[in-house]
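Since the structure comes first, as structure tokens, the remarks are kept for the end.
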2 protein chains.
Amino acid sequence: MDASILTIHPASPEPIYRQIVDQLRRLIAAGQLAVGERLPSVRDVAGFHAINPMTVSRAYGLAESEGLLERQRGKGMVVASGPTGSQSARERMQLLEPHLKETARQAQELELPADTVLRRLKHLLGN
Amino acid sequence: MDASILTIHPASPEPIYRQIVDQLRRLIAAGQLAVGERLPSVRDVAGFHAINPMTVSRAYGLAESEGLLERQRGKGMVVASGPTGSQSARERMQLLEPHLKETARQAQELELPADTVLRRLKHLLGN
DNA sequence: CCAAGTGTATTGTTGTATTGATACACATGG
DNA sequence: CCATGTGTATCAATACAACAATACACTTGG
């Protein structure tokens, strides 16, 4: 598995380990990471993105305790077969809900017309 | 000015002082806080939200160095008359742009249909 | 004038978060 | 068997955020 599946911004105020966990949660929920699929090793990810291996390990550990990943000793991490794999659109939507709530809050503080916001987001989604 | 204009979540991982500054930036850009209007005193805000006055002072100080607020010695902080007051919809939109970009990224990782996301956001905006 | 209200500088403390360097235990494959 | 590849436990070093308790300079209203 290629280390490039993960997008990381080391300079972001968002902690690196949380960027990784959040991303894994979404990619696994959508099935972009299939059940049983092997993840890139901590050293691969760390080398590719020029970050510390322990930071990746911490993210993997959290993802495991959350039931997203399973550890295969000596081999690596694989996507867990638990209650997680490839969820329905409804379940995936709930992962986006908090972020959307915050979007709405900021839009209202900015007094932006709903049309304007929706049109812009539609454009961004059309990639 | 009432201390309740500011919404603060002390338990959020987002630092309190940044919650305040970000919020001020939006409220001022929209004109919900009019140019020249007085802000609630640091002690009022701190008392109302049960946080430390110096945390509020720090936020006000940052907002001032950003040109959002002006300090009137002995009186308090007022909304600056600078290049900031009540911006156009286009300018306000740019304050939301980074957040919308992130929304689009997460939606794509979740493989959510654009329609679903847009419909949900439209509902959240219709308050 | 002076009490009461502004913001702020200062110093110290506490708790936590984040990252880093190193060494270790384990499993695999030739 | 052993080099190589896993993940990770451990300890350390910072940095950050918030709080606490003062003291200070300033303005206003009675």
Side-chain angles (χ1 to χ4, degrees), chain A residues 1-3 5-6 8-24 28 33 36-80, chain B residues 1-3 5-24 28 33 36-81:
Chain A
M1 172 46 60
D2 195 346
I5 41 159
L6 294 176
I8 298 177
H9 303 286
S12 165
E14 192 75 2
I16 297 174
Y17 76 92
R18 209 180 316 169
Q19 293 182 41
I20 297 177
V21 176
D22 291 345
Q23 204 169 156
L24 287 176
I28 291 175
L33 287 175
E37 188 172 355
R38 289 207 29 204
L39 278 93
S41 78
V42 293
R43 288 172 180 79
D44 278 359
V45 176
F48 186 85
H49 292 98
I51 58 180
N52 192 285
M54 280 310 299
T55 303
V56 184
S57 174
R58 180 178 183 182
Y60 279 9
L62 287 175
E64 185 204 17
S65 64
E66 196 175 320
L68 293 171
L69 302 181
E70 276 174 11
R71 193 177 47 166
Q72 295 189 346
R73 276 178 299 182
K75 304 178 73 172
M77 308 293 278
V78 301
V79 178
Chain B
M1 172 43 61
D2 195 345
I5 41 159
L6 293 177
T7 303
I8 298 178
H9 303 285
S12 164
E14 192 76 2
I16 297 174
Y17 76 91
R18 210 181 316 169
Q19 293 182 42
I20 298 178
V21 177
D22 291 345
Q23 204 169 155
L24 287 176
I28 290 175
L33 287 175
E37 189 171 356
R38 290 207 27 203
L39 278 97
S41 78
V42 294
R43 289 171 179 81
D44 278 358
V45 176
F48 186 85
H49 292 100
I51 59 180
N52 192 289
M54 283 310 299
T55 303
V56 184
S57 176
R58 180 180 180 182
Y60 279 9
L62 287 175
E64 185 203 16
S65 64
E66 197 176 318
L68 293 170
L69 302 181
E70 275 175 12
R71 193 177 48 166
Q72 295 188 345
R73 276 177 300 181
K75 303 177 75 172
M77 307 292 279
V78 301
V79 178
S81 57

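Below, each value reflects all heavy atoms present in this structure, side chains not excepted, and no hydrogens, waters or symmetry copies. A, B, ... follow the sequence lines: proteins, then strands. Residue 1 opens every chain.
In summary, contact between chain A and DNA chain C, defined as any nucleotide atom under 4.0 Å from a heavy atom of the protein, begins and ends at dT18(C) to dT28(C) in the 5' to 3' direction.
Taking Arg43(B) as the reference, nothing meets the salt bridge (charged side-chain N to carboxylate O under 4.0 Å, His left out) condition, with sequence neighbours excluded. In terms of the salt bridge (charged side-chain N to carboxylate O under 4.0 Å, His left out) criterion, residue partners of Glu64(A) (sequence neighbours excluded) are, by chain and number, Arg71(A).
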Determine all donor-acceptor pairs shorter than 3.5 Å in which one atom belongs to a side chain in residues 46-59 of chain A; sequence neighbours excluded.
unit_1, atom_1, unit_2, atom_2, d
His49(A), ND1, Val45(A), O, 3.3
His49(A), NE2, Leu6(A), O, 2.9
Asn52(A), OD1, Met54(A), N, 2.8

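The distance from the CG atom of Leu69(B) to the CG atom of Leu39(B) is 5.5 Å, given to the nearest 0.5 Å. One distance of note links CG of Leu68(B) with CD1 of Ile28(B); it measures 4.5 Å at 0.5 Å rounding. Summarising the geometry, atom CD belonging to Glu70(A) is positioned 9.0 Å from atom CE belonging to Met77(A); distances are rounded to the nearest 0.5 Å.
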- Reading nucleotides 15-20 of chain D 5' to 3', which nucleotides get B (base under 4.0 Å from a protein heavy atom), which S (sugar-phosphate only), which -? --SSBB
- Could you run down nucleotides 1-7 of chain D 5' to 3' and tag each one B, S or - for protein heavy-atom contact under 4.0 Å? ----BBB
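Applying the side chain to side chain donor-acceptor pair (under 3.5 Å) definition to pairs two or more places apart or across chains, those involving residues 13-22 of chain B are Asp22(B)-Arg25(B).
Taking every heavy atom of both residues into account, Gly67(B) and Ala80(B) meet most closely at O-CB, 3.3 Å. The nearest pair of heavy atoms linking Ile5(A) to Gln23(A) is O-OE1, 3.9 Å.
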